[in-house]
*Asks:* 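One structure, pasted below without further comment.
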Protein chains: 2
Amino acid sequence: MLAAREPVTLRALVEGTGASTMAVYTHFGGMPGLWSAVRQEGFTRLAARLAAVPRTGDPVHDVAAHGVAYARNALEAPELYRAMFDARADLADAEAADATFQRLVDAVARARDEGRLDPGTDPLALATRSWAAGHGLVSLVVQGVLPAAVLAPQASATTVALLTAAGDDPDRCRASVERAWAAG
Amino acid sequence: MLAAREPVTLRALVEGTGASTMAVYTHFGGMPGLWSAVRQEGFTRLAARLAAVPRTGDPVHDVAAHGVAYARNALEAPELYRAMFDARADLADAEAADATFQRLVDAVARARDEGRLDPGTDPLALATRSWAAGHGLVSLVVQGVLPAAVLAPQASATTVALLTAAGDDPDRCRASVERAWAAG
DNA sequence: GGCCGTAACATAGCAGCGCTATGCTACGGT
DNA sequence: ACCGTAGCATAGCGCTGCTATGTTACGGCC
């Protein structure tokens, strides 16, 4: 129904399922609970995506690969991505989202610890910066403001800029990041 | 009503105004039209903000100043910013939004033409990159996912990274950008 | 100056929404 | 064999955006 742009109403949901509207209240407690479950499903899928990113010998590539996985997850289920960051429902499952975000923080920390980034780099701050930039790009694409074709080159360029500013060698960084986007 | 987190309903809107629900249909054609007008007002205010950014002798500072104005506009009316990018209403006033965005493109082009950025810099691409990153950061802050305190340092760092990657001198860039954020 | 066409509005009521009170039904423990 | 409980179907509540209809007030025309 999300993909078909149909309004998601309680009555339309149960129609054809043989169940009544009460089933939604038994299992989800109401429409807000159902939306919350949908959002949680979105974070679960994203977490699975990021967990599937392999750890290679190139930590900068791995950081970029997290971004690729993030973008692919959003583009393959844009409605779910939009629901995840919908403003009308407060996201109470912040701990699950935080755990997922921590994977990116760890990847950044590894790139620093293995000497690709400045020793003084704050992994949390850089990961936050990268996530925010990627989120903005993905949001605008998912919403149709920007065409999907700009996502890969823009995300790639932004990642290179952020990691280069954090100390990585520009050429080496570009190679690592573009390899991640080419593979994804 | 947006600021008070109250649901914006037709009947609640006209209550106390002496008008009836029909006035909304006469002037806006319905609730979607009213939301569209609200969003357009948001873009109008943003355009006014960006138009008020003075042109100084430092084009990189001016680029960053556009970001500062963008962020201030969003933080001073977060509900309006959220409405502007609400997914449930398609934004048909894309031409107005484009005209506003063009200001940033022009600022980037000036920074390139005055020699601060690489001659091969694509102003549209770099402006898009900057806007997307800023939009992501502002969205997460406005939605309460990130604390407001991280906005200035993160936006500043991202801007420096993007403009440095485009060819500006790192130290000079940092000085220009941080001066913009300190002034804003 | 008297008339009317039109634009704007108030009123009442429509279908649809999320939600809940109530009663039925089918299952598991004693 | 019994009953307590979990789950669900039904009916209906208040509210939503919206519309059909009647009313009013203003501006152009003879």
Side-chain angles (χ1 to χ4, degrees), chain A residues 1-45 77-94 96-97 139 142-145, chain B residues 1-45 77-94 96-97 139 142-145:
Chain A
M1 294 172 68
L2 286 173
R5 293 272 188 275
E6 299 168 356
V8 180
T9 72
L10 184 56
R11 287 171 173 79
L13 260 177
V14 301
E15 191 168 350
T17 65
S20 77
T21 62
M22 271 305 294
V24 173
Y25 289 87
T26 299
H27 296 289
F28 300 100
M31 284 300 282
L34 188 137
W35 279 113
S36 181
V38 168
R39 284 198 4 262
Q40 190 135 4
E41 170 70 17
F43 280 109
T44 300
R45 292 190 191 182
E79 303 82 17
L80 204 52
Y81 188 84
R82 245 177 297 161
M84 285 167 66
F85 294 98
D86 199 310
R88 63 195 122 185
D90 47 359
L91 39 108
D93 44 4
S139 292
V142 152
Q143 206 160 334
V145 178
Chain B
M1 294 171 68
L2 286 174
R5 293 270 190 275
E6 298 168 358
V8 180
T9 72
L10 184 57
R11 286 170 173 80
L13 261 178
V14 301
E15 190 168 352
T17 65
S20 77
T21 63
M22 273 304 295
V24 173
Y25 288 86
T26 300
H27 296 289
F28 300 100
M31 283 300 282
L34 188 138
W35 280 113
S36 181
V38 168
R39 283 197 6 260
Q40 191 133 2
E41 169 70 17
F43 280 107
T44 300
R45 293 191 190 182
E79 303 81 19
L80 203 53
Y81 187 84
R82 246 178 296 163
M84 285 167 67
F85 293 98
D86 201 309
R88 63 197 121 179
D90 47 0
L91 39 109
D93 44 4
S139 291
V142 153
Q143 207 160 334
V145 179

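Chain letters run A, B, ... following the sequence lines, proteins first and then strands; every chain starts at 1.
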*Asks:* Between P on C:dC19 and CZ on A:Phe28, what's the gap in Å once rounded to a whole number?
*Replies:* 13 Å
*Asks:* What string of B, S and - do you get for nucleotides 13-20 of chain D 5' to 3' if you count protein non-hydrogen atoms under 4.0 Å?
*Replies:* ---BBBBB
*Asks:* What is the distance, rounded to the nearest whole Å, between atom CG of A:Leu13 and atom P of D:dA9?
*Replies:* 14 Å
*Asks:* With sequence neighbours left out, what residues match A:Arg11 under salt bridge (Lys or Arg N to Asp or Glu O under 4.0 Å)?
*Replies:* none
*Asks:* Are there over 12 heavy-atom neighbours, none belonging to A:Glu15, within less than 6.0 Å of that residue's CD?
*Replies:* no
*Asks:* Can you tell me which stems DNA chain C forms when a stem means 3 or more consecutive Watson-Crick or G-U pairs under 3.5 Å?
*Replies:* C:1-30 with D:1-30
*Asks:* Side chains of A:Phe85 and B:Ser139, heavy atoms from C-beta outward: is any pair under 4.5 Å?
*Replies:* no
*Asks:* Measure from the side-chain N and O atoms of B:Thr26 to the backbone N and O of B:Met22, and report whether any donor-acceptor pair falls under 3.5 Å.
*Replies:* yes
*Asks:* Between A:Thr26 and D:dC8, is there a side-chain N or O to OP1/OP2 distance below 4.0 Å?
*Replies:* yes
*Asks:* A:Leu34 and A:Leu10: side-chain contact (heavy atoms from CB on, under 4.5 Å), yes or no, with the steps?
*Replies:* CA-CA 10 Å; A:Leu34 188 137; A:Leu10 184 56; over 6 Å; no
*Asks:* Using a 3.5 Å distance criterion without hydrogens, assess whether the side chain of A:Ser36 forms a donor-acceptor pair with backbone atoms of A:Pro32.
*Replies:* no
*Asks:* At what distance, to the nearest 0.5 angstrom, does CD of A:Glu79 lie from CG of A:Asp86?
*Replies:* 12.5 Å
*Asks:* Counting C-beta onward and ignoring hydrogens, is there a side-chain heavy-atom pair between B:Thr21 and B:Val24 closer than 4.5 Å?
*Replies:* no
